[in-house]
Amino acid sequence: MTLADVAAAARERPLAAALELGSLAVCALLLVGVFAAIASGRPGASGGIWLAVVVVGAAFVCFWTVLWPSYERIRGRH
């Protein structure tokens with residue numbers, strides 16, 4: 001698949017392309033966040049970078065396992 005094919009597919013399905021690029025960005029940010037959390041030490045106080053990593057990760061998982069399949073089921077019925 002060439003770069004032109006990828007660009008054509010993104011133009012054909014812009015929502016899917018945005019979701020995939022957004023997922024890639026969230027995964028990269030979570031990886032950086034995990035390294036930053038490890039570098040900051042053990043989670044001692046409430047809040048902080050550890051909490052941010054957990055909340056963003058949980059939201060990401062909930063989106064792809066609950067919200068997106070529900071959206072596709074609802075959309076498929078119409």
Side-chain angles (χ1 to χ4, degrees):
M1 184 175 249
T2 65
L3 188 58
D5 293 336
V6 172
R11 274 188 246 105
E12 184 178 317
R13 293 191 173 95
L15 178 62
L19 284 173
E20 289 176 10
L21 287 174
S23 293
L24 182 64
V26 168
C27 288
L29 288 174
L30 280 172
L31 181 64
V32 171
V34 166
F35 282 122
I38 290 171
S40 72
R42 294 177 49 192
S46 61
I49 195 160
W50 286 100
L51 181 62
V53 168
V54 169
V55 168
V56 171
F60 183 72
V61 168
C62 286
F63 175 79
W64 283 112
T65 59
V66 177
L67 295 176
W68 185 253
S70 298
Y71 168 75
E72 285 192 333
R73 277 193 210 113
I74 291 169
R75 187 183 65 171
R77 290 185 182 167
H78 294 289

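- Here the side chains of Ser23 and Phe63 are not in contact, with every heavy-atom distance at 4.5 Å or above.
- Under the 4.5 Å side-chain heavy-atom criterion for Ile, Leu, Val, Met, Phe, Trp and Tyr, Trp64 and Leu30 are members of the same hydrophobic cluster.
- Taking every heavy atom of both residues into account, Ile49 and Ala37 meet most closely at CG2-CA, 3.6 Å.
- Both Val26 and Leu67 are members of a single hydrophobic cluster when ILVMFWY side chains are connected at heavy-atom separations under 4.5 Å.
- Aromatic ring orientation, Tyr71 versus Trp68: tilted (interplanar angle from 30° to 60°).
- When the side chains of ILVMFWY residues are joined at heavy-atom separations under 4.5 Å, either directly or via intervening members, Val54 and Val34 end up in two distinct hydrophobic clusters.
- Tracing side-chain contacts under 4.5 Å through hydrophobic residues (I, L, V, M, F, W, Y), one never reaches Val53 starting from Leu51; they form parts of separate clusters.
- Through side-chain heavy atoms spaced under 4.5 Å, either directly or across other Ile, Leu, Val, Met, Phe, Trp or Tyr residues, Leu31 is tied to Phe35.
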Going by atom type alone, with no hydrogens or angles, which donor-acceptor pairs under 3.5 Å involve a side-chain atom of residues 10-19 and a protein atom two or more places apart or on another chain?
none

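- Residues Trp50 and Ile38 form a side-chain contact, since some pair of their non-hydrogen atoms from C-beta on lies under 4.5 Å apart.
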